[in-house]
Amino acid sequence: MPEPAACGEDPKKRQYCDVTSRERQLQVEFTVQGQVWVDAAALAGATGLPAPTIVTLNRDGSEEVGKTLTRAQKTSEKALQRARQPPGKGKGKKGNSSELPAISVQILNSSGVAVDHHLPSASVFVDGATLLLSVGKNVHCWMIRRDRPAVSFLAVPEISLVGFPTICKVDTVHADRCEFLWDAPSNSELSNAIECTPTSECRGLPLTVTVTPWRGQAQGDAVSMTCTHPVLEVVPEMLKPLDDRVTQFSRADRASAGASLRVVSYNVQWGIGSPKDKLASHVYSKGHSFSEQVDPDACSPPDGFLRSVADLPVPLETRHYRQYTLLREILGWDADVTCLQELTPPMHDTFLSPLLRSRGYGTSRSGELGVCWQTKSLQLQGEASWVVGELLDDPCNRDIRAAFEAAAPHSQTYFRGLPHLGQVAKFRRVGGGKDLVVVNVHLVMEKFAEQFRAVQLALIMRRVQRWSLYNSGGTPDVVVCGDFNTRGPDEEFTSHVEATLLLLRFGVVEANHPSFVLGRHVGRPKPQGHRHTMPGALDGSPTTSQCHVKLGGDAWAPQCPNAGTEAGGTVCWDHACRSCSKVKDDFRQARCNSCEREDAPLPPLPAEVEKGMFRCRLDLQGVDLPVPSFIESPICSKADYRNAVRAGALGGKVVQKGLTLDSARRVLPRSHSGFSPGAEHKYSFFTVDFHPPSGNKRPHAWVELRDHIFFSTCNLAPVHCAAPPPIPSFAGQLPGLTWTSDHLAVAADFRNVREAPEE
């Protein structure tokens with residue numbers, strides 16, 4: 001803060017005031033933004049003005065100082081006039097102005113000469129100048145002393161890595177620039193910028209940054225800070241699988257294939273053991289989040305090399321190591337646009353965003369969702385984000401809202417309480433072509449909430465198509481990215497593909513899709529007395545018999561707590577075949593494999609099962625846009641889907657003509673997957689025999705079906721899709737030193753195709 005000074009009438013007898021008595025002193029301050037102000041909270045003791053009197057000069061530094069001082073003069077005159085106003089006079093009635101002493105305000109330069117009132121304020125409020133306030137015969141002087149530039153906050157990462165750029169976070173006051181000096185004992189000057197990339201010579205040595213603030217020619221005190229742990233180096237073999245995957249995809253000849261757009265989607269992982277309310281907070285605005293907690297006494301490996309997770313001096317679930325590999329991967333993909341999920345503010349705001357922006361990227365974050373794009377290829381036109389549960393009240397969603405109101409109240413209560421966001425950004429392509437709308441989502445993770453994932457996506461896509469920027473400039477290309485949290489079998493044309501994927505692929509999901517049956521109990525209060533629970537699949541009513549199916553292949557697996565009587569026997573509707581009532585092979589599908597092969601008819605659900613169950617026909621349009629007439633009969637059989645897609649029509653009804661989407665994985669090579677060859681289209685990415693991130697091993701423990709890139713088919717076609725890395729590179733765990741999330745990045749190249757004329 002400035003240190004004002006006051007004196008009597010003789011300027012030679014000036015004395016600095018006690019700056020601790022702030023409310024009793026006149027204070028002058030000039031900020032970096034160019035604002036100048038004088039704040040006199042109580043001038044009565046010094047000038048005779050009534051207390052409190054605020055003399056404010058909060059004008060731009062480029063304004064003429066004469067105008068700035070005139071405001072101070074008029075403020076003082078009004079204050080003195082109100083103080084001497086005769087009793088009984090109301091507001092607006094003035095006393096005799098001739099009785100008031102004359103008030104004047106002026107500034108003298110360091111030579112004691114009055115400054116030209118036409119000069120800008122920024123050039124006048126400088127060290128050594130004097131502010132004079134005259135009230136009648138009393139003249140009061142303040143020595144103007146500009147605040148010295150200073151570092152108010154400085155932070156460096158807990159660890160730094162050889163070959164990876166690191167950056168410091170610095171806040172200053174009264175400064176317009178900073179000088180940086182990074183050094184290590186073996187290399188006295190590594191960088192003089194806000195970021196630094198340590199070399200191998202720095203391994204095992206402390207890394208220190210020294211920041212010196214400046215304002216013009218005024219220099220502040222330098223402040224230094226050292227990373228908690230010495231510089232570390234990741235052994236090359238741990239980074240090779242990551243680099244090989246990125247390099248292999250980047251070598252694909254984009255130009256020869258006509259690719260004009262590269263898109264990446266990546267869930268970067270909150271962190272193991274994150275708080276349950278991580279989504280509800282949306283923004284970590286205070287203090288350190290769970291991903292910031294570290295042990296300052298943890299030891300680094302003696303030789304400075306990182307060969308395994310055990311060598312890390314910080315927990316893997318924190319951001320301090322993972323942010324480096326994430327940046328390396330984003331830059332390696334060289335994507336036009338990258339969508340990130342489970343992105344925490346510290347990772348984005350203090351690390352990713354400044355480093356990406358210095359490399360030609362733009363960044364934006366909304367809650368846990370983030371988008372970054374290359375400014376050389378895309379120009380941001382606008383962005384928006386919404387809490388998905390609040391979209392239910394949009395007029396176009398009255399069909400879904402009516403279905404919730406007709407169902408048991410627990411469904412709507414659960415859905416409206418979900419804190420998930422939808423993020424959308426619109427870009428103009430620098431080289432010309434259609435505008436691009438990018439949708440970034442992270443849907444509810446609850447295993448049995450398949451229908452709610454589909455509803456979330458329907459609400460988001462309906463709002464996107466009504467977004468004010470969506471159709472400005474013509475119909476745009478659309479890319480939908482994110483962690484859908486979808487699960488289940490991989491084959492596309494079956495009755496048990498999750499409703500979320502079918503909604504995007506075909507634009508419509510009928511109300512009798514198995515996802516609605518599977519998730520009928522989601523949100524229902526759990527009954528007491530069950531030691532083992534299957535989340536979201538509990539029957540809250542009293543039961544006379546219990547489903548005998550084990551919830552897993554192990555002998556210790558708990559028994560399903562659902563009522564067996566709801567399926568007419570000892571098996572619940574989560575495990576009974578809709579066609580033959582026998583135990584089905586997969587609880588997510590409507591029929592057993594035998595009935596599936598025979599395409600057996602699906603009888604209607606019993607009344608006791610349908611009672612109170614939320615179910616609704618979902619589409620991407622909404623009630624106030626033309627809704628496509630897809631199929632009036634239930635869409636649940638393989639033949640229906642195949643005929644609808646291949647023939648283009650079914651029963652005289654036209655297939656979806658609105659926003660149509662497809663998965664970029666349709667061009668993904670199948671050699672890596674363990675599924676049978678010959679399938680026309682698959683959504684899954686890879687299968688491993690352990691469960692990320694716990695590491696528990698069992699056959700086919702994890703089928704990666706969660707992360708997706710869908711695209712509008714009217715003008716885009718995928719030409720490349722990055723294959724997953726070799727399974728041995730996981731080393732039996734996700735995350736690890738190489739792959740630092742329990743997800744893998746999904747990357748795809750697209751080319752433009754001629755848009756088909758409208759019929």
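All values reported here derive from a predicted model rather than from experimental measurement.
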### Query
So, does Ser712 use its side chain to make a donor-acceptor pair with the main chain of Cys714 at under 3.5 Å?
no
### Message
Is any side-chain heavy atom of Glu498 closer than 4.5 Å to one of Phe484?
### Response
no
### Message
Regarding Asp742 and Arg706, does a basic nitrogen lie under 4.0 Å from an acidic carboxylate oxygen?
### Response
no
### Query
Hey, are Arg463 and Asp394 close enough for a salt bridge, meaning a charged N less than 4.0 Å from a carboxylate O?
yes
### Task
Verify the distance criterion only: is there a donor paired with an acceptor across the side chains of Arg453 and Asn485 at less than 3.5 Å?
no
### Message
Any side-chain to backbone donor/acceptor pair from Gln465 onto Leu620? Under 3.5 Å, distance only.
### Response
yes
### Query
When you check the side-chain N and O atoms of His513 and Ser515, is any donor under 3.5 Å from an acceptor?
yes
### Query
When you measure from the side chain of Arg462 to the backbone N and O of Val464, does any donor-acceptor pair fall under 3.5 Å?
no
### Query
Distance only, no hydrogens: is a donor on one side chain within 3.5 Å (strictly under) of an acceptor on the other, for Glu383 and Ser364?
yes
### Query
Should the ring pair Phe614 and Phe404 be called parallel, tilted or perpendicular, given that the plane angle runs from 0 to 90° and is split at 30 and 60?
parallel
### Task
Examine distances only and state if a side-chain atom of Ser579 and a backbone atom of Pro601 form a donor-acceptor pair shorter than 3.5 Å.
yes
### Query
Any side-chain heavy-atom pair from Glu510 and Arg615 closer than 4.5 angstrom?
no
### Query
Sub-3.5 Å donor-acceptor pair from the side chain of Asn440 to the main-chain atoms of Gly370, do we have one?
yes
## Note on the structure
The reported gap from SG in Cys481 to CD in Gln423 (rounded to nearest 0.5 angstrom) is 10.5 Å
### Query
Is the side chain of Gln456 donor-acceptor paired with the backbone N or O of Val444 at a distance under 3.5 Å, no angle test?
yes
### Task
Would you mind reporting whether Val479 and Leu716 have side-chain heavy atoms less than 4.5 Å apart?
yes
### Message
Can you tell me which residue among Leu618, Val508, Val455, Leu661 is in a side-chain contact (heavy atoms from CB on, under 4.5 Å) with Leu503?
### Response
Leu618
### Message
Given 3.5 Å as the limit, does a donor-acceptor pair link the side chain of Ser265 with the main chain of Ile709, or not?
### Response
no
### Message
Using side-chain contact (heavy atoms from CB on, under 4.5 Å), reason through Asn397 and Leu459 one step at a time and then give a plain yes or no.
### Response
CA-CA 7 Å; Asn397 299 322; Leu459 296 179; 3.3 Å; yes
### Task
State which residue, out of His708, His442, Gln269, fulfils the side chain to side chain donor-acceptor pair (under 3.5 Å) condition with Asp483.
His442
